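Comments concern the structure below.
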Amino acid sequence: MPVKETPAKEEKPRQDKSYNPQIIEKKWQAKWEANQLYRSVIDKSKPKHYALTMLPYPSGDLHIGHWYAMTPADARARYMHMRGYNVLFPMGFDAFGLPAENAAIRDGVHPMKRTFQNIEKMRKQMKSMGAMFDWEREAISAAPEYYKWTEWFFIQLYKAGLAYRKMSAVDWCPNCNTTLAREQVWGDDRHCERCGTPVIKKDLDQWFFKATKYADELLKFDGIDWPQTVKTLQTNWIDRSEGASVVFKTEIGNHNVEIFTTRPDTLWGATFMVFSPEHPFVDEITATENKQAVEEYKTQAARQTEIQRGAADKEKTGLFTGAYAINPVNQERIPIWIADYVMMSYGTGAIMAVPAHDERDFAFAKKYKLPIVFVIQPEGESEAEQGERNTAYTGPGIMVNSGPFNGTKVNTEKGRKNPGIAAVLDWIAEQGIGKESVNYRYRDWLISRQRYWGAPIPMIYCEQHSWNPVPEDQLPVLLPEDVEWKPTGESPLKLHPTWKNTTCPVCGEPATRETDTMDTFMCSSWYHLRYLSPKYDKGPFDPAEYDYWMPVDTYTGGIEHATMHLLYTRFFHKAMRDAGIVKGDEPMMQLRNQGMVLGEDNDKMSKSKGNVVAPDVLVDKYGADSVRAYIMFFARWEMGAPWDPQGIEGTVRWVRRVWTLFTDPTPPTTVPASDEVTKNLRRKVHQTLRKVTRDFENFEFNTIISSLMELMNEMYKAREAGAAGSNTWKEAQEIYVKMMAPVTPHIAEELWSQLGKPYSIHTQPWPTVDEAATKEDSIELPVQINGKVRDRITVPAEATEDEIKSAALASEVVQKYLEGKEPRKVIVAKGRLVSIVV
RNA sequence: GCCGGAGUGGCGGAAUUGGCAGACGCGCACGACUCAAAAUCGUGUUCCCUACGGGAAUGAGGGUUCGAUUCCCUCCUUCGGCACCA
């Protein structure tokens, strides 16, 4: 790509030397764009760095939260660029989704039109930020050339046996009029992650991705540098538990009822079974005389929401079915109950109840007078004593009443680490009554959405041949433009008169298309791949680009996606790795999360609360550089903070004062600086450089700005002392502007140019710390006596421990405290302090 | 109930390996400039006292250490996640 020269526009010589961000920011943005400063192309002579920040939904307005996420990410990408990396820092839009469709229902404006208008506006707003986004690589998930490949990926998942259709009770948001994946239902009241409406259950035939196949691998985070909190959230979300699956037989029908238990060592204590009211065997096994009561209980349980059923402190209720099962370890006949504390959605929907060693089962047994048999005895406790218990016993002990295992030790470890469990696991396998088993809370990913504005699910249904994917050469399945906007709870695609009619790819007979669209998290699971080659049409990405840029080196974004996007994209990557489409085990090597900017009132920013901060207004008033600097300065990035509208004055002053320091032609003194002044200045410059470098590495953006402020204050003092014009001064200026460049790219470029340096500062190498220059000549050490600072001594930096010690002891103050006595102990922490114990 | 993060001046925050707590900034006060104001520049700004000097203080209490914001234990507050999970 040839570098275009900007037409040399003759500007009038500046009359006004004062800082005018509106002029210089526009000037440099135009120049950078004109000569494609931020175009990232493969360059095998350089190490690559793929910096990715989560892409926004095109709501139509860039708010301060976007700046908070993007500006530090941009600054760091710029820093990496100056460190010599070939940096890819792309941007795009997660452009499918409900808001645009809901707006269409409201006012009839087509989501396509609105979305692309919004993108237009936001792209312009983003450009005012002065970020180094490579817009040639922009990807928009709602564009056909993008969603063609989202559809293609669905087919690859289908071919890999990872996409399946199932009728089940799924979560439905009555406000969004669509189903949601388990991850998208939040909180105690089980509300929709997007709109906050409590969800309900609906029985629907839906497409799922078999994410659970990767549960174990998703628990491994080897080789990736991700925050512990995210790893913990994902681990808890998947919630692996080790145990056994054991088969109990029903008397009636001789059905095999599989149960999951984490405590196979307590099998001999299973004195009854509890089925979830929805369990498929309930109707058949229920005795005639119990039928009516059971039906009533089922109806009542179904009427309750899962929240009500899930309330842990709720009094347990249940009902005897009249049926019995056989405990396979001791052939005991045990009653089968139904109770709503057993959930169809976890495990198998049926449990063995061991009241002696499980609190819930104990409470249930007490209430309904069911037998309680203790099979784990704490050491030193007699059977009689145990019979007195009024709680379940869950601690360690010895197995009793357990046939061949009497006397076996049980500890509190889970799974095979527990000797009792390990022994029973082997035995049940031998006996053929059960096996070692792992259960997860993690569910398969429900991908179907009953909405229009999403990527079509590229599947066709034929009476003869059931479901088949759309042939790949017919992709994309395009969204029809002429649809009616009705909030019916069914996809508008279903109501379209002709769109769904097609032919079966197997037999060619008339068939119908799937009218649901995909969860937009499917689009964002692979956007980092589309950035590699957004115009490529032979595949989702150009393999040459993939081989050079992937994996993502640094990924930044909000932690709210811990169990959604960040889990989906890992699953997606692993599934596509196994399909031979991508390489490596993980898509993103390093992850860092930013916090959230809250409103002044400490509340989440929202239009309805009227606490939204508009960055455009700030940019108009102060310039993008000052806003960028404030964003990075005002809070710890990973923590976030409520917005303080006054605080921005601090960074505005800093930027102006730097401007003045560099452009004021009349230094305050003509007296040349002493060697000491220049040496001290140079020391401070290199110390600051070391600090700023380290802070960029560690994503500690706030202290980058404060260090730069500190150095500026020192430079003002040095200038006062005559340092201006010296070589040290020139070096200080040069390093200073380079350090500013990632944070405040426009003013840095302008000052760089005014220093007479060649365009562009953003292609300059990051300066190197002169370690020798950072060394202090003499250091002031505090002297502590019994832990309190009583004096300070100044010693040469290279003073030995003994020299420091005698200097400290020689101090008058120390002598006074010693009162002529010998100190008990003198500790010299070199370069830190002297501690004297009297 | 379980898991994880956080708690430091009026406010945002700093303190890198256990070594001077409060860097840097906001705000505030005073001063300079000005007819005046804004802007700008300068000085001060944790709290308490009898103020030359001394004492206390990093959510609370305890411990380890010459020395703890930092490590350990108990607890409190707060935010987030999970939860009749078998």
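Within every chain, numbering begins at 1; the chains are lettered A, B, ... in the order of the sequence lines, protein sequences first and strands thereafter. Note that this is a predicted model, so its numbers are computed, not measured.
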May I ask you to say what [X] touches in the nucleic acid, namely base, sugar-phosphate or nothing, with a heavy-atom cut-off under 4.0 Å?
X         : answer
Gly595(A) : nothing
Lys231(A) : nothing
Phe633(A) : base
Leu833(A) : base
Thr660(A) : nothing
Thr703(A) : sugar-phosphate
Arg182(A) : sugar-phosphate
Trp654(A) : nothing
Gln784(A) : base
Arg790(A) : sugar-phosphate
Asp239(A) : sugar-phosphate

Could you identify the nucleotide paired to [N], looking across every strand shown and requiring Watson-Crick or G-U wobble geometry with both distances under 3.5 Å?
N      : value
C71(B) : G63(B)
A15(B) : none
A36(B) : none
A21(B) : none
A29(B) : U43(B)
A83(B) : none
U77(B) : A6(B)

Check whether any side-chain N or O of [X] sits under 4.0 Å from OP1 or OP2 of [N], and answer yes or no.
X         : N      : answer
Asn236(A) : G4(B)  : no
Asn713(A) : G25(B) : yes
Lys805(A) : C66(B) : no
Lys825(A) : C66(B) : yes
Arg656(A) : U40(B) : yes
Arg657(A) : C41(B) : yes
Arg636(A) : A14(B) : yes
Arg832(A) : C20(B) : no
Thr235(A) : C3(B)  : no
Arg653(A) : C26(B) : yes

Protein-to-nucleotide contact annotation, 5' to 3' order, nucleotides 45-53 of chain B [B base; S sugar-phosphate only; - none; under 4.0 Å, heavy atom]: ---------

Please assess Glu242(A) against Arg240(A) for the test salt bridge (charged side-chain N to carboxylate O under 4.0 Å, His left out), listing each intermediate value before the final yes or no. CA-CA 7 Å; Glu242(A) 291 178 13; Arg240(A) 179 192 156 98; 3.1 Å; yes

Using the [atom1] atom as the reference point in each nucleotide, state the distance between [N] and [M] in Å, no decimals.
N      : M      : atom1 : value
U58(B) : U8(B)  : P     : 11 Å
A57(B) : C20(B) : C1'   : 15 Å
U34(B) : C52(B) : C1'   : 39 Å
G59(B) : G54(B) : C1'   : 27 Å
C66(B) : G61(B) : C1'   : 23 Å
A38(B) : G31(B) : P     : 13 Å
A21(B) : G4(B)  : P     : 32 Å
U70(B) : A15(B) : C1'   : 10 Å

Please check if any side-chain donor atom of Asp791(A) sits under 3.5 Å from a side-chain acceptor atom of Ser811(A), or the reverse.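 Looking only at side-chain atoms, Ser811(A) and Asp791(A) do form a donor-acceptor pair, the distance falling under 3.5 Å.
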
Regarding Asp361(A) and Tyr341(A), is there a side-chain donor-to-acceptor distance under 3.5 Å anywhere?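 Yes, side-chain donor-acceptor contact under 3.5 Å.
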
So, is the end of the [X] side chain (NZ or CZ) under 6.0 Å from the ring centre of [Y] and within 45° of the ring's axis?
X         : Y         : result
Arg441(A) : Tyr346(A) : no
Arg76(A)  : Phe699(A) : yes
Arg570(A) : Trp226(A) : yes

For a salt bridge (charged side-chain N to carboxylate O under 4.0 Å, His left out) check, start with the C-alpha distance between Arg690(A) and Glu771(A), then their side-chain angles and the critical distance, and finish with the verdict. CA-CA 9 Å; Arg690(A) 186 168 57 195; Glu771(A) 288 294 340; 2.9 Å; yes

Within a reach of under 6.0 Å around NZ of Lys604(A), are more than 12 heavy atoms found that belong to other residues, nucleotides or ligands?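 12 or below, so no.
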
Can you find a heavy atom in the side chain of Phe362(A) that is under 4.5 Å from one in the side chain of Lys367(A)?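 They are not in side-chain contact.
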
Test side chain to side chain contact (heavy atoms under 4.5 Å, CB included) applied to Tyr716(A) and Glu720(A), Met712(A), Glu714(A), the passing residue: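 The single option meeting the side chain to side chain contact (heavy atoms under 4.5 Å, CB included) with Tyr716(A) is Met712(A).
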
In whole angstrom, what separates Leu598(A)'s CG from C11(B)'s C1'?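 These atoms are roughly 15 Å apart.
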
Could you tell me the separation between the OH atom of Tyr716(A) and the C1' atom of C41(B), rounded to a whole number of Å?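 It is 10 Å, rounded to the nearest whole Å.
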
